[in-house]
Visitor: 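Handing you this structure, nothing more for now.
The analysis underlying the following values was restricted to heavy atoms, covering all of them including side chains, and did not include hydrogens, waters or symmetry mates. Numbers here simply count residues along the sequence, with the first being 1.
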Amino acid sequence: MSLPKEPRQKMINIMYLVLTALLALNVSAEILNAFKVVDNSLRESNNVLATSTSGIYNSLGEMLKDPKSAEKAGIWKPKADQVKSIADEAYGILEKYKQALKEESDLDPTNGSFREDNIDASTRYFDTKGNGKPLYEALENFKKKLLGVDPEMAAQITSKLPLSLEIPKSAAGNVSTGDKVKDWVNNYFHMTPTIASLTILSKFQNDIKNSENLAATFCINQVGAVKLIMDKFEPLVGTSSTYLMPGEEMIVTAGLGAFNSNVKPVVNIDGASIQVNANGVAEKKFNVGGSGSRSMNVSVSFVDPNTGENKTISKKIDYTVGSPSGIAVSPDKMNVLYIGVDNPVTITAGAGSEKVSAQFSGGSISKVSGNKYIVKPGSGMFGEHSITVLVEGKSAGKVTFRVKQLPDPVAYVGNLKPGNVPSASFKAMGGVIAKLQDAEFDAPFEVVSYKLGAAGSGGDFVQLDNRGSRWAGDAAGLVGRLKPGSLVAITDIVVKDPGGKTRVLPTSLTYILK
């Protein structure tokens, strides 16, 4: 097709290509999101299967203690333990492959993010670097070891095992290489987005969990049915908070602990019957009234499946609705917060100090005792940052403060201010110090280095570098030779603040010895 010569038509064609590319990106984003949904579903399924299988192992342990089933349980529990060990090993291997694939896709360890749409990482990791073959062998060995636990079990569950290592048909028309493992790796992982490859690995983990459950179920069926005897029942009652402000919403959750699907509790909260959900839990929401102490009565009724008796357990819940009042955050020393030092503050919130906590957006805040706190702004956190006051974990308000760097300290030779000073006193000081002037903070500054220059009456000016606060080396020798009438200049003074940052002081020191 010939290209249009008219500039306007060329521009239209270019815009068409750009829009087509954007459309492709949108479709790609939807597909990636679909893989994430499937992966989350598989991982949730794995958790459910793990819980179910764990119940089987626990039941086998109980059967081993029961004289009626101990003999058979003694035969099949060790085999079930083998099944668990084989499955745990294979599942863990796949978990390591998932982590390695994320790292291959530029995993950020600080937030767990990685390039989900990277289509090169899977090919590079499983094909180019050769990790596909040991993955295939790990799945193959899992299947062999599992079926090798017991011949009777193998005969029963082989046809039901979900784990298949057959090569899937290529929708892209990939030609077989003749190498079964290579073809298997290519069909699953070649040019596959990272999130899709992770979903495939989660699918194999799901196959492992399903296979383990089949094998464990076979073992326990050789002993007898799963026994779920519950001999103790306790109501599960909770509230969203025990300290509220007027108009806030209270959530009460109540249910029965240690129950199965055949036990349907009846929950009553302050005389009102509340229907339980599929998990056997009832939830009631209501708006609390004015301030003051409150209480409610919660009862849970059920039929004990072991004895057939009707039982009711009641509990009383006490809570407090607080009176509205303002919060106060008062710095104990300055009206700003300084970086590199402990900034003491006092916080009150109209509640007992044991119920009050705080968060600081610009660094850390810790409680010293009662309503006393220490705020430490982080390095570089200049500007405005807020302290959020919490009452029983709920925000009661925030106060904003300016965060600043500590001001420059003032340098001295010992305790001598610049100007005319006795020669003997100057030499006795031994070096340069730096400290904040008229400050309430105990913020020590360390003198790192400076230049020391001196000239005698009619002599040449000599300047030397000095490391540390005290005169040392050639600089110490120069000071020792000074006589009355000498001019001393100390410049380029570098100090380190309490936060560990160095800075050059803008002023210099000049002394005339007498």
Visitor: If you apply the rule side chain to side chain contact (heavy atoms under 4.5 Å, CB included), what do you find for Leu107 with Arg115, and how did you get there?
Guide: CA-CA 7 Å; Leu107 174 67; Arg115 290 180 56 198; over 6 Å; no
Visitor: Answer whether the closest heavy-atom distance between the side chains of Leu487 and Leu513 falls below 4.5 Å.
Guide: no
Visitor: Provide the closest heavy-atom pair for Ile493 versus Thr507 in the form atom of the first, atom of the second, distance.
Guide: CD1-O, 4.2 Å
Visitor: Using the six-membered ring of Tyr91, assess whether NZ or CZ of Lys209 lies under 6.0 Å from its centre and within 45 degrees of the ring axis.
Guide: yes
Visitor: Can you confirm whether Lys203 is buried at NZ, in the sense that more than 12 heavy atoms of other residues, nucleotides or ligands lie under 6.0 Å from that atom?
Guide: yes
Visitor: So do Ser197 and Tyr125 actually touch side chain to side chain, heavy atoms under 4.5 Å?
Guide: no
Visitor: For the residue pair Tyr450 / Asn466, report whether a side-chain donor-acceptor contact shorter than 3.5 Å exists.
Guide: yes
Visitor: May I ask you to test the Met429-Lys427 pair for a side-chain heavy-atom distance under 4.5 Å?
Guide: no
Visitor: Does Thr123 use its side chain to pair, donor to acceptor, with the backbone of Met191 at less than 3.5 Å?
Guide: yes
Visitor: Side-chain contact test, heavy atoms from C-beta onward, threshold under 4.5 Å: evaluate it for Leu505 versus Asp492 and give yes or no.
Guide: no
Visitor: If you apply the rule side chain to side chain contact (heavy atoms under 4.5 Å, CB included), what do you find for Arg43 with Gln205, and how did you get there?
Guide: CA-CA 9 Å; Arg43 285 189 278 115; Gln205 287 181 316; 5.6 Å; no
Visitor: Which value, rounded to the nearest 0.5 Å, describes the distance between His385 atom NE2 and Thr388 atom OG1?
Guide: 12.5 Å
Visitor: Does a donor on one side chain sit under 3.5 Å from an acceptor on the other, for Ser508 and Thr491?
Guide: no
Visitor: Pick one: which of Asn213, Asn210, Asn58 meets side chain to side chain donor-acceptor pair (under 3.5 Å) with Thr53?
Guide: Asn213
Visitor: For Val403, which of Ile339, Asn343, Val375 qualifies under side chain to side chain contact (heavy atoms under 4.5 Å, CB included)?
Guide: Ile339
Visitor: Quick one: closest heavy-atom pair of Tyr338 and Pro407, and the distance?
Guide: CE2-CD, 3.9 Å
Visitor: Would you say NZ of Lys84 has more than 12 non-hydrogen atoms from neighbouring residues, nucleotides or ligands within 6.0 angstrom?
Guide: no
Visitor: Mind listing the closest non-hydrogen atom pair of Ile365 and Phe360 along with its distance?
Guide: CG2-N, 3.7 Å
Visitor: Are side-chain N/O atoms of Lys98 and Ser202 paired as donor and acceptor at under 3.5 Å?
Guide: yes
Visitor: Between the main-chain N or O of Lys372 and the side-chain N or O of Thr346, is there a donor-acceptor pair closer than 3.5 Å?
Guide: no
Visitor: When you measure from the centre of the six-membered ring of Tyr412, is the NZ or CZ of Lys435 closer than 6.0 Å and no more than 45° off the axis?
Guide: yes
Visitor: Calculate, to the nearest 0.5 Å, the distance between atoms CG and CD1 belonging to Leu49 and Ile208 respectively.
Guide: 12.0 Å
Visitor: Please check: side-chain N/O of Thr199 versus main-chain N/O of Ile195, any donor-acceptor pairing under 3.5 Å?
Guide: yes
Visitor: If only atom types and distance count, is the side chain of Thr51 paired as donor or acceptor with the main-chain N or O of Asn47 below 3.5 Å?
Guide: yes
Visitor: Does the side chain to side chain contact (heavy atoms under 4.5 Å, CB included) test come out yes or no for Leu452 and Val479, once each step is laid out?
Guide: CA-CA 9 Å; Leu452 181 119; Val479 172; 3.9 Å; yes
Visitor: Does Ser59 reach the main-chain N or O of Gly55 with its side chain, forming a donor-acceptor pair under 3.5 Å?
Guide: yes
Visitor: Salt-bridge test for Glu104 and Arg124: reply yes if a basic N is under 4.0 Å from a carboxylate O, no otherwise.
Guide: yes
Visitor: Please tell me whether Ser299 and Ser314 have a donor and an acceptor in their side chains that are separated by less than 3.5 angstrom.
Guide: no
Visitor: If you measure from NZ on Lys451 to CD on Gln463, what distance do you get to the nearest 0.5 Å?
Guide: 5.5 Å
Visitor: Donor-acceptor pair, distance only, cut-off 3.5 Å: does the side chain of Asp497 make one with the backbone of Lys501?
Guide: yes
Visitor: Rounded to the nearest 0.5 Å, how far does OG of Ser353 lie from CG of Asn371?
Guide: 6.5 Å
Visitor: If we only count heavy atoms from C-beta on, is the Tyr511 to Leu416 side-chain gap below 4.5 Å?
Guide: yes
Visitor: Would you check if Ile490 and Val413 make a side-chain contact, meaning some heavy-atom pair closer than 4.5 Å?
Guide: yes
Visitor: For Asn297, does the CG atom sit with more than 12 other heavy atoms under 6.0 Å from it, leaving out its own atoms?
Guide: yes
Visitor: Search all heavy atoms of Leu509 against all heavy atoms of Pro418 and return the closest pair with its distance.
Guide: CD2-CG, 3.7 Å
Visitor: Atom CG in Leu101, atom CD1 in Ile200: separation rounded to 0.5 Å?
Guide: 10.0 Å
Visitor: What distance separates Asp120 CG from Thr128 OG1, expressed to the nearest 0.5 Å?
Guide: 9.5 Å
Visitor: Do the ring planes of Phe189 and Phe126 sit parallel (below 30°), tilted (30 to 60°) or perpendicular (above 60°)?
Guide: parallel
Visitor: Would you say Leu198 and Lys102 make side-chain contact, with heavy atoms under 4.5 Å?
Guide: yes
Visitor: Hey, mind stepping through Phe401 and Val329 against side chain to side chain contact (heavy atoms under 4.5 Å, CB included) and telling me if it holds?
Guide: CA-CA 10 Å; Phe401 291 92; Val329 181; 3.7 Å; yes
Visitor: Ring centroid separation for Phe204 and Tyr188, is it under 6.0 angstrom?
Guide: yes
Visitor: Indicate the atoms forming the closest heavy-atom contact of Val356 with Lys367, along with that distance.
Guide: O-NZ, 2.9 Å
Visitor: Between Leu436 and Leu406, is there a side-chain heavy-atom distance shorter than 4.5 Å?
Guide: yes
Visitor: Please report the shortest heavy-atom distance between Pro331 and Val345, naming the atom on each side.
Guide: CA-CG1, 3.8 Å
